[in-house]
2 protein chains.
Amino acid sequence: MTEPSTLPIYRQIAEQIAEEIESGELPAEAPIASERELAEMFGISRMTARAAINILVQRGILVRRNRSRAYVAQPKFRFDLSSPGGLHEQLRKAGVRPGAKIIVAEKLPFDALEPKVVDALKLTPAEAVFHIVRLRTANDEPIAVEDSYFPERLFPDLLDFHLTDSIYGILKKYFSVEPAGSLQELEISLLDAEWAEIMEVPVDLPTLEIRRCAVTADNTPFEYAHDIYRGDRLIFTARTVGPDTLFPSQLRQSPPNP
Amino acid sequence: MTEPSTLPIYRQIAEQIAEEIESGELPAEAPIASERELAEMFGISRMTARAAINILVQRGILVRRNRSRAYVAQPKFRFDLSSPGGLHEQLRKAGVRPGAKIIVAEKLPFDALEPKVVDALKLTPAEAVFHIVRLRTANDEPIAVEDSYFPERLFPDLLDFHLTDSIYGILKKYFSVEPAGSLQELEISLLDAEWAEIMEVPVDLPTLEIRRCAVTADNTPFEYAHDIYRGDRLIFTARTVGPDTLFPSQLRQSPPNP
DNA sequence: AAGTGGTCTAGACCACCAT
DNA sequence: TGGTGGTCTAGACCACTTC
């Protein structure tokens with residue numbers, strides 16, 4: 001609308017493809033023409049066609065699979081960080097099939113723990129914790145990794161349960177532990193190589209990182225977690241309490257600015 | 001560490017430059033060799049050198065200025081969304097010079113308002129509001145835009161004040177209005193062309209969008225704002241109340257899931 | 001075997017700005 | 001004016017999948 005003809009060719013082509021997708025002409029999962037085909041169609045070089053596709057991949061409108069051509073991405077999932085019901089529940093309600101793949105499930109001795117885990121869970125010396133890393137999926141598509149720590153004291157045989165189910169469901173059903181609240185720290189970042197491999201997606205993908213500590217009604221911390229969510233597949237919302245607002249008393253467990 | 005020699009050349013060079021920056025060899029604001037110089041230094045083509053620089057620009061480690069060469073970026077600013085004191089105050093405390101540039105300062109009649117503004121500010125028909133759009137800067141670098149609405153009823157001659165100062169400071173000093181809390185909705189997104197122009201940065205930059213409504217101690221909403229923060233220049237933290245947690249009662253002003 | 005994306009080359013022209 | 005980045009070309013080779 002501003003200066004249509006002065007936009008570089010690769011942006012013009014990206015916009016054109018984006019419009020075909022928005023108009024429904026190209027539905028979700030539809031394959032895009034190959035880079036060489038696009039180049040011939042538009043009378044441009046392959047590198048320029050590739051640049052156009054890259055823009056839409058970065059926006060999350062197209063996805064590349066392996067070394068195959070690009071496809072129209074499914075619409076992004078909505079995830080409300082403040083809503084009752086975690087990711088599993090919200091996906092299910094949206095008609096999406098939630099899943100989980102266990103990457104790590106181990107018991108860690110006290111001495112192997114980072115201080116932040118010890119502090120967050122208020123562990124006493126020699127206490128062991130369970131360390132669980134899960135790849136979360138939606139319709140079999142990886143959307144997040146969860147790196148969680150649970151005190152053995154509270155959940156003695158946690159690793160024997162079926163950990164691909166909702167973990168909060170297990171905690172409630174078998175240990176009668178329910179979250180009364182949590183403190184979360186958010187950070188926008190780009191995916192590093194290590195996590196990219198675990199999540200089976202490209203490096204430098206924009207992500208939302210969340211470090212959180214969940215507590216029960218009697219203010220016992222029962223989970224410390226570091227979650228990484230794909231920014232290209234999820235839209236996040238969160239209701240936060242803003243500046244100058246006091247937190248509910250049961251959550252005021254550490255000084256605001258360490 | 002995994003497979004050093006099989007990394008593509010442009011990634012190897014990006015890593016090498018990144019290490020020179022982390023080691024302090026290249027300090028903040030140091031200019032990077034030009035694309036043509038890099039190409040010659042490493043015996044590669046200019047397009048490959050350019051790809052290396054682009055990776056670091058996307059990560060926020062390098063910045064491009066106009067059509068000049070790339071420079072080492074200043075460290076990112078930390079911004080705690082839940083801390084007392086807004087962006088202005090936090091920057092000042094960190095030894096950074098906060099600034100603001102007025103993009104729009106106008107009075108809008110009731111009929112020109114979007115429903116979300118009317119609802120958030122609980123306006124009665126025929127009430128006018130002040131609409132202020134400000135470009136926020138840190139050491140003269142653009143870091144955010146704030147698109148805010150204030151009821152005329154509460155702040156009759158707001159536009160006559162010096163709006164490049166802290167607006168909350170003006171509200172407190174001249175109108176005795178102080179925020180008691182706010183509800184915020186967060187969303188990670190990519191910058192569209194319109195806002196990119198206002199912010200004077202490239203399109204598709206990763207950003208954090210916040211829609212918030214601030215209220216006084218007697219639960220009078222006095223500001224509705226839509227903020228966009230650069231994800232490449234800021235690290236955000238927020239203490240959010242997680243699933244299954246009740247908000248402070250004075251903030252429970254609308255149903256959780258509209 | 002054919003087609004694909006991932007990477008890389010060695011050029012080119014342009015607009016912009018002060019290195 | 002000379003150097004810069006922004007864009008674009010017309011090829012190429014490779015590893016991988018099967019479009």
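Since we're looking at a predicted model, the values are computed, not measured. Lettering follows sequence order; numbering is per chain, from 1. Computed from heavy atoms alone, side chains included, the values below leave out hydrogens, waters and symmetry copies.
- Between A/Ile55 and A/Ile13 there is no side-chain heavy-atom pair separated by less than 4.5 Å.
- Among the heavy atoms of the strands lying under 4.0 Å from A/Arg64 are primed sugar atoms or P, OP1, OP2 only; no base atom is included.
- Rounded to whole Å, atom P of D/dT4 lies 11 Å from atom CD of B/Glu40.
- Considering only residues two or more places apart in sequence or on other chains, B/Glu114 meets the salt bridge (charged side-chain N to carboxylate O under 4.0 Å, His left out) condition with B/Lys116.
- Rounded to whole Å, the distance from CD on B/Gln12 to P on C/dG6 is 18 Å.
- In plain terms, the two heavy atoms of B/Val203 and B/Ala196 that are nearest each other are CG1-CB, 3.6 Å.
- Taking atom CD1 on B/Ile55 and atom C1' on C/dG6, their separation rounds to 13 Å, with Å as the unit.
- Counting to the nearest Å, the C1' atom of C/dT7 and the CG atom of A/Asn54 are 12 Å from each other.
- The shortest distance between side-chain heavy atoms of B/Leu81 and B/Leu208 falls below 4.5 Å.
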**Request:** Starting at the 5' end of nucleotides 8-19 of chain D, put B wherever the base has a protein heavy atom under 4.0 Å, S where only the sugar-phosphate does, and a dash everywhere else.
**Result:** BBB-B---S--B
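- Heavy atoms only, all atoms of each residue included: A/Thr48 and A/Tyr10 are closest at O-CB, 3.6 Å.
- In this entry the distance linking CD of A/Glu37 with C1' of C/dG5 reads 13 Å, nearest Å.
- For A/Ile32 and C/dG3, the CD1 to P distance is 20 Å, given to the nearest whole Å.
- Taking atom CD of B/Glu35 as the reference point, atom C1' of C/dT19 lies 14 Å away to the nearest angstrom.
- Pairs of residues two or more places apart, or lying in two chains, that qualify as salt bridge (charged side-chain N to carboxylate O under 4.0 Å, His left out) and include a residue from residues 129-139 of chain B are B/Arg134-B/Glu146, B/Arg136-B/Glu146.
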